[in-house]
Colleague: 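Have a look at this one before I ask anything.
Keep in mind it's a predicted model, so treat the numbers as computed, not measured. Index from 1, following the sequence.
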Amino acid sequence: MTDFFAGIPKLRYEGPDSTNPLAFRHYDPDEIVMGKRMEDHLRFAVAYWHSFAWEGGDPFGGQTFIRPWHPQDDMGRAKMKADVAFEMFDLLNVPFFCWHDADIRPEQGNFADNLSTLEEITDYIGEKMEGARTRLLWGTANMFSHRRWMAGASTNPDPDVFAFAAATVKSCMDATHKLGGANYVLWGGREGYETLLNTDLGQELDHMGRFLNMVVDYKHKIGFEGTILVEPKPQEPSKHQYDFDVASCIGFLRKYGLEKEVKLNIEQGHAILAGHSFEHELALAASEGMLGSIDMNRNDYQSGWDTDQFPNNTPEVALAYYHVLKSGGFTTGGTNFDAKLRRQSIDPEDLIAAHVGGMDICARGLKAAAAMIEDGGLEKALADRYAGWATPEAKAMLDSDLATIAQRVLDDGINPEPRSGRQEILENYVNRFV
């Protein structure tokens, strides 16, 4: 045991009237919601990168978090970081965690040594997992931080970088498989461009598509039963990223024959950067059968960048989980807190409190979403609005042609009057639950 969280007791559910900042007021893992334990609905995960690897810097200032495992430059500190991480998982009683390879092992500057340290820390984490209840939700490769990735990974103009990326992803898939991960994620932070003046769009997209097909092939080769997930984001760090939003990703996956093999990991903050709402992205992915998992956080609506704050908006979260539940809920996916402390929140207690608040907000949102589904008001409103399409005439029109339909409009004197969309009534309905 380390003493990083010394004095902080294991967290427990105390109910809505509790004033304890380090207790759950809404998240009761054993509460039954729509016939299922709350923990099994939400499937919470702690993000290794923001919670343990991030040092509190921003574009205008450096490190503010002074942790005993900083700087993260040797295996001794990497193992200390793992020790602290599993102590936090135990305090929060979370079922899952997630990592990038660069979060859990120090960068060595070459693939052979990166592989060696990744295998060493994977074995160490595996030993930690033997004595813990926390499992791995997903692993992924960081192919955006090191300077070798500055022009992309699978989309890089240098074939040697493509090769390095392939080797890196293989090693991370092996580590994820060894640790029993439920998913493997790819996020293309540098898979895009800064300027079209030096970019061959067609080649880069084809190479990215071929690379992802290699990932799927390797998944089947090693018998990995988890889900391959792609995470949309429009920009940052690249000016334009090819996995811009859910619609872009769906089109990409279909073009390269991957729509039956790959699902999406959707982040609230990335949806906002793309000019969408989180619920829009979730609803679209669900409508196409591609909703896999979510990264839960929020962005500051006054900022134009990805602030990765912990969620605190129950109405937004409720509508997000409404679409998750409508789609059947998570299978291999879950709710990963891709969220970080503010750089002035430097105490260990802040890290625990941030997760407590996020977990409580998600619990409130989940219960509100379940209540709306059980009440059925929104579904009834949808059925009423589209009822005309249930008639035989309307269904037959979809198998008809423009000339036949035009003649029917003339023969029957069709001249429709608009009907209310009832938006305010439906918004008021939602507010009854949140």
Colleague: Mark yes when over 12 heavy atoms from residues, nucleotides or ligands other than Met150 sit less than 6.0 Å from its CE; otherwise mark no.
Modeller: no
Colleague: Please examine the side chains of Leu229 and Leu186, heavy atoms only from C-beta on, and report whether any two atoms are closer than 4.5 Å.
Modeller: no
Colleague: Should we say atom OH of Tyr301 is surrounded by more than 12 heavy atoms from elsewhere, each under 6.0 Å from it?
Modeller: yes
Colleague: Does Phe144 reach the side chain of His100, with side-chain heavy atoms less than 4.5 Å apart?
Modeller: yes
Colleague: Looking at Glu120 and Lys79, is any side-chain nitrogen of the basic one under 4.0 Å from a carboxylate oxygen of the acidic one?
Modeller: yes
Colleague: Apply side chain to side chain donor-acceptor pair (under 3.5 Å) to the pair Tyr13 and Asp30, showing each step before the final yes or no.
Modeller: CA-CA 10 Å; Tyr13 172 72; Asp30 293 319; over 6 Å; no
Colleague: List the atom of Pro311, the atom of Phe337, and the distance in Å for their closest heavy-atom pair.
Modeller: CG-CE2, 4.0 Å
Colleague: Do other residues, nucleotides or ligands put more than 12 heavy atoms under 6.0 Å from the CZ atom of Arg422?
Modeller: no
Colleague: Between Asp217 and Arg210, which heavy-atom pair has the shortest distance, and what is it?
Modeller: OD2-NH1, 4.3 Å
Colleague: Identify whether the distance between the nearest side-chain nitrogen and carboxylate oxygen of Lys233 and Glu231 falls below 4.0 Å.
Modeller: no
Colleague: Where do Gln268 and Glu316 land on the side chain to side chain donor-acceptor pair (under 3.5 Å) test, with the steps shown first?
Modeller: CA-CA 10 Å; Gln268 196 272 358; Glu316 283 188 352; 3.2 Å; yes
Colleague: Side-chain contact, heavy-atom cut-off 4.5 Å: Leu115 with Thr168?
Modeller: no
Colleague: Can you see whether Thr199 engages Glu204 through a side-chain donor-acceptor pair at a distance of less than 3.5 angstrom?
Modeller: no
Colleague: I need the single residue from Leu291, Leu264, Ile266, Ile272 that forms a side chain to side chain contact (heavy atoms under 4.5 Å, CB included) with Glu281. Which is it?
Modeller: Ile266
Colleague: Considering only NZ, NE, NH1 and NH2 on the basic side and carboxylate oxygens on the acidic side, decide whether Asp83 and Lys128 come within less than 4.0 Å.
Modeller: yes
Colleague: Is the charged tip of Lys81 near the ring of Phe52: under 6.0 Å from the six-membered ring centre and within 45° of its axis?
Modeller: no
Colleague: Taking atom CE of Met208 and atom OH of Tyr256, what is their separation to the nearest 0.5 Å?
Modeller: 9.0 Å
Colleague: Decide if the gap between the ring center of Tyr184 and the ring center of Phe224 is smaller than 6.0 angstrom.
Modeller: no
Colleague: Using the six-membered ring of Phe164, assess whether NZ or CZ of Arg148 lies under 6.0 Å from its centre and within 45 degrees of the ring axis.
Modeller: yes
Colleague: Under 4.0 Å between a side-chain nitrogen and a carboxylate oxygen: does that hold for Lys219 and Glu225?
Modeller: no
Colleague: The test is side chain to side chain contact (heavy atoms under 4.5 Å, CB included); show your working for Trp99 and Leu179 and say whether it passes.
Modeller: CA-CA 12 Å; Trp99 51 253; Leu179 293 175; 3.9 Å; yes
Colleague: Are side-chain heavy atoms of His41 and Met38 found at a separation under 4.5 Å?
Modeller: no
Colleague: Quick one: do the Ser248 and Asp245 side chains pair a donor with an acceptor below 3.5 Å?
Modeller: yes
Colleague: Could you check whether atom CD of Glu427 has more than 12 heavy atoms from other residues, nucleotides or ligands sitting under 6.0 Å from it?
Modeller: yes
Colleague: Short question: side chain of Ser51, backbone of Ala47 - any donor-acceptor pair under 3.5 Å?
Modeller: yes
Colleague: Going by the side chain to side chain contact (heavy atoms under 4.5 Å, CB included) test, name the single residue among Ile104, Asp338, Asn142 that passes it with Trp49.
Modeller: Asp338
Colleague: State yes or no: are the ring centers of Phe97 and Phe86 separated by less than 6.0 Å?
Modeller: yes
Colleague: Does any donor atom in the side chain of Asn312 or Arg298 lie under 3.5 Å from an acceptor atom in the other side chain?
Modeller: yes
Colleague: Between Arg25 and Asp360 (salt bridge meaning N to carboxylate O under 4.0 Å), is one present in this structure?
Modeller: no
Colleague: Please name the pair of heavy atoms, one in Leu137 and one in Arg43, separated by the smallest distance, quoted to 0.1 Å.
Modeller: CD1-NH2, 4.1 Å
Colleague: Do Gln344 and Thr64 have a side chain donor and acceptor closer than 3.5 Å?
Modeller: no
Colleague: Would you please classify the geometry between the Tyr193 ring and the Tyr242 ring as parallel, tilted or perpendicular, with 30° and 60° separating the classes?
Modeller: tilted
Colleague: Looking at Cys249 and Val230, what are the two nearest heavy atoms and their distance?
Modeller: SG-CG1, 4.1 Å
Colleague: Using a distance-only test with no angle check, is there a side-chain donor-acceptor pair under 3.5 angstrom linking Asp113 and Gln108?
Modeller: no
Colleague: Does the separation of the ring centres of Phe211 and His207 fall below 6.0 angstrom?
Modeller: no
Colleague: Are the side chains of Phe5 and Leu351 in touch, meaning some heavy atoms are under 4.5 Å apart?
Modeller: yes
Colleague: Please evaluate residues Asp101 and Asn114 with respect to the criterion side chain to side chain donor-acceptor pair (under 3.5 Å), reporting the C-alpha separation (whole Å), side-chain torsions for both, the decisive distance (0.1 Å), and the verdict.
Modeller: CA-CA 9 Å; Asp101 58 334; Asn114 280 349; over 6 Å; no
Colleague: Assess whether a salt bridge exists between Glu236 and Arg190, defined as any Lys/Arg side-chain N lying under 4.0 Å from an Asp/Glu carboxylate O.
Modeller: no
Colleague: Taking NZ in Lys260 as the centre, count heavy atoms belonging to other residues, nucleotides or ligands within less than 6.0 Å. Is the count above 12?
Modeller: no
Colleague: Charged N to carboxylate O under 4.0 angstrom, Arg254 versus Glu288?
Modeller: yes
Colleague: Does the pair Thr2 and Glu87 meet the rule for a side chain to side chain contact (heavy atoms under 4.5 Å, CB included), with working shown?
Modeller: CA-CA 8 Å; Thr2 73; Glu87 288 171 12; 2.6 Å; yes
Colleague: Do Trp187 and His270 have side chains that approach each other closer than 4.5 Å (heavy atoms only, starting at C-beta)?
Modeller: yes
Colleague: State, to 0.1 Å, how close Ala153 and Ala165 come at their nearest heavy-atom pair, and which atoms those are.
Modeller: CB-CB, 3.9 Å
Colleague: Under a 4.5 Å cut-off applied to non-hydrogen side-chain atoms, are Thr227 and Trp138 in contact?
Modeller: no
Colleague: Do the charged groups of Glu119 and Lys178 touch, with an N to O distance under 4.0 Å?
Modeller: no
Colleague: If you measure from NZ on Lys340 to CZ on Arg343, what distance do you get to the nearest 0.5 Å?
Modeller: 10.0 Å
Colleague: One thing to verify: whether Asp384 and Lys380 come together as a salt bridge, which I'm taking to mean a side-chain N less than 4.0 angstrom from a carboxylate O.
Modeller: yes
Colleague: Is the count of non-hydrogen atoms from other residues, nucleotides or ligands lying under 6.0 Å from Arg12 atom CZ greater than 12?
Modeller: no
Colleague: Establish, from distance only, whether the side-chain atoms of Gln309 and Asn299 form a donor-acceptor pair under 3.5 Å.
Modeller: no
Colleague: Could you tell me the separation between the CG atom of Asn183 and the CG atom of Leu136, rounded to the nearest 0.5 Å?
Modeller: 8.5 Å
Colleague: Mind running salt bridge (Lys or Arg N to Asp or Glu O under 4.0 Å) on Lys10 and Asp90 for me, showing each step along the way?
Modeller: CA-CA 7 Å; Lys10 190 166 183 175; Asp90 182 62; 3.4 Å; yes
Colleague: Please give me the minimum heavy-atom distance between Arg135 and Ala132, naming the atom from each residue.
Modeller: NH2-O, 2.7 Å
Colleague: Could you tell me if the ring centre of His177 sits under 6.0 Å from that of Tyr218?
Modeller: no
Colleague: Taking atom CD of Glu349 as the centre, does the number of heavy atoms from other residues, nucleotides or ligands within less than 6.0 Å exceed 12?
Modeller: no
Colleague: If you measure from the Lys or Arg side-chain nitrogens to the Asp or Glu carboxylate oxygens, is any gap between Lys263 and Glu261 under 4.0 Å?
Modeller: no
Colleague: Is it the case that the side chain of Gln63 and the backbone of Glu55 share a donor-acceptor pair, with hydrogens and angles ignored and the cut-off at 3.5 Å?
Modeller: no
Colleague: Within the structure provided, determine whether Met129 and Thr134 are in side-chain contact (heavy-atom separation under 4.5 Å).
Modeller: no
